[in-house]
J.: 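Right, I'll just put the structure down here and ask away after.
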Amino acid sequence: MKKKYLPLIIAAGLITFFSACKTETGFKTLIITGQNNHNWKVSSPILKQILDQTGLFSSEIMITPDKGGDMKIFNPDFSKYKLVVIDYNGDSWSEKTNSAFVDYVKNGGGVVIYHAADNSFPAWKEYNEMTGLGGWGDRNQKDGPYIYYKNGQLVTDTSAGNGGSHGKRRAYLVKTRVADHPILRGLPVAWLHGTDELYSQLRGPAKNMQILATAFSDSTLGGGTMRDEPMLMTITYGKGRIFHTVMGHADEGGGPAMQCVGFITTLQRGAEWAVTGEVTQRVPWDFPSAAGVVLRPDFKEMTLEEAFTHIANYDIVKSTKSLSFIQAHLRSLAGDAAGIKKIEEMMVKVLKDKDATVESKKLLLRELSWMGSDYSVPTIKELVSNAELKDEAEFALTRLVSK
Ligand code: ZN
C-alpha cells in the first residue's frame, strides 16, 4: 500500500516546487510587438517596465517579422504564459498562430489589449470578439455597433459609419462606470489623464464586454463626438479574461499618455485581473484626482527613501510631493507600529542632518508632534536652542510629553 502513494507524494512535491518558482518570478508574460503604426520600440519596453516593477509579472518582449516578412516563423508557445500583452498593429499572423492564440484564451489565458492593438486584425473574427471594440482598418457597420454612453445611458448604436477616430490630443477626465470592479476599487471616480488621443467611434461585436471607464469626447476641443467613449473595458472569451485600455499613445520617452499615473496603475491592475480575476495591488499615493494630471517621467512610484532624500532639501516654493508621499505613507500605516517607528527614525535622521533645510525640519517637527514617540524627544530637545526652529520644537515637545 505504501508504495502506491509514493508517486502522488512526488507529484505533490513537484507542484509545490513549480508554484514556488512562479511566485518568485511573477506571472510569465509575453509582450507581442514588432509592427505598429506607433513607436513600438518605445512603448513595449515601457509596458514591460510598468508590469515587472509590480513584482507580479515577469515579461519578455517578442518581436514579429517586419511588415511583409514571413509570418510562418512567428509561432509563440502561448501555453508557457499567464498573460499576453498585444502592442501590435500589423500583418496577419499565420492561421496556426491565430488558432493557438484562440486556444490559449479559451483555456483561461489572460490578455491585455493596449491602444492601437484594437486597430489590428479587422478580419479576424475571434480577435475582434476578444477586443470587444476596435477602430480603423475599414471597420464599419458590418463589424458591430458603436458602443458609448450618452446622457448617462449606455447606447448600442447600429447606425452606418466608419469605426475609429480621435480628435486633437488633450488631457481628459476619465470617469469610472463600475466602481466596485476589482480593477477600479479604491480609485477616484474621476481622474485627469495626461495628454493623449481620445479614441472615439469604436465599434465591434462587444460580446461579454463590460465598460469600466469612459471619457467625454468634447467636439469643442478639436474634434469629438459629444459622447462618453469607452476607455477601459473587460471582456471574457471562453475561460479567458481580457483587459482593454485604449489609452497610452506613445511619444518619445512614453510622453504624458504613458507617464500618467492613471494609465500606469490601471494597466498594472487590469493585467493582474486578466491573470487571476482579482487585484491585490494597493492604490498608489500619487494617483491623480479630477484636479490635475500626475506624471511619472521614470514610470516608478517614489520610494520612502527617495521621499526623505528630497525632503531634506525641501524648499517651500518647490513641490510638496515628497511631504505628501510621506503623509500618505503614514496614513496607510495606521496600526502598524513597526512601520511608523521606521518613518520616525528617518525623520529624526533629517532633523540631525546639518545639511537639511530649515523648512524641511519645520515640516517634520509638525509631523512628529502628532505621530512621534519618546524616541524623538532627545533630538527635538536639542533643536530648542536653534533660534529658527525653537517654536516648532517646543510645540512638538509639549504635544509629545503630554501624550
Ligand atoms: Zn495612437
Side-chain angles (χ1 to χ4, degrees), residues 31-51 61 63-64 67 85-91 111-122 127-128 130-139 143 146-148 162-174 192-204 211-219 221-225 227-233 242-267 270-271 293 295-297 299:
I31 300 171
I32 298 178
T33 193
Q35 291 185 37
N36 210 313
N37 57 326
H38 290 71
N39 193 343
W40 58 268
K41 288 180 183 165
V42 167
S43 57
S44 276
I46 293 172
L47 295 174
K48 175 174 164 54
Q49 185 193 338
I50 289 173
L51 292 176
I61 296 172
I63 297 168
T64 65
K67 196 165 181 54
V85 178
I86 313 282
D87 181 12
Y88 181 89
N89 179 18
D91 289 353
V111 178
V112 170
I113 300 293
Y114 155 68
H115 196 57
D118 68 16
N119 301 186
S120 210
F121 308 129
Y127 184 79
N128 285 272
M130 292 175 198
T131 60
L133 295 173
W136 298 273
D138 296 324
R139 282 175 175 83
D143 299 286
Y146 296 115
I147 307 276
Y148 50 87
N162 288 336
S165 69
H166 60 75
K168 208 175 149 198
R169 284 191 226 172
R170 62 195 76 160
Y172 53 81
L173 201 63
V174 178
L192 207 58
H193 175 46
T195 300
D196 200 348
E197 293 165 343
L198 198 164
Y199 270 20
S200 315
Q201 292 179 300
L202 298 182
R203 57 190 317 164
I211 296 173
L212 299 188
T214 57
F216 184 66
S217 174
D218 188 340
S219 62
L221 298 174
T225 57
R227 301 165 179 167
D228 292 293
E229 300 282 358
M231 295 291 112
L232 303 176
M233 289 154 269
I242 297 108
F243 172 69
H244 180 173
T245 178
V246 305
M247 295 185 273
H249 177 94
D251 284 316
E252 216 42 64
M258 293 196 87
Q259 293 172 5
C260 169
V261 177
F263 169 77
I264 293 169
T265 306
T266 51
L267 183 82
V293 170
L295 302 181
R296 287 183 194 159
F299 307 98

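Whatever order the structure lists ligands and atoms in, that order sets their numbers, starting from 1. Count residues from 1 along the sequence.
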J.: For D138, does the CG atom sit with more than 12 other heavy atoms under 6.0 Å from it, leaving out its own atoms?
T.: no
J.: Counting only protein atoms, how many N/O/S atoms are less than 2.8 Å away from the Zn ion (ligand 1)?
T.: 4
J.: Search all heavy atoms of G194 against all heavy atoms of C260 and return the closest pair with its distance.
T.: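 For G194 and C260, the tightest heavy-atom pair comes out as N-SG, 3.6 Å.
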J.: Restricting to side-chain hydrogen bond (donor to acceptor under 3.5 Å, both in side chains), what partner residues turn up for D196, sequence neighbours left out?
T.: H193
J.: Tell me, please, which residues at least two apart from R296 pass side-chain hydrogen bond (donor to acceptor under 3.5 Å, both in side chains).
T.: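 Applying side-chain hydrogen bond (donor to acceptor under 3.5 Å, both in side chains) to R296 gives D286.
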J.: Mind checking what makes side chain to side chain contact (heavy atoms under 4.5 Å, CB included) contact with Q259, not counting sequence neighbours?
T.: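 Applying side chain to side chain contact (heavy atoms under 4.5 Å, CB included) to Q259 gives L295, P297, F299.
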J.: When you measure from the side chain of T33 to the backbone N and O of D87, does any donor-acceptor pair fall under 3.5 Å?
T.: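 Checking the backbone N and O of D87 against the side chain of T33, a donor-acceptor pair under 3.5 Å is found.
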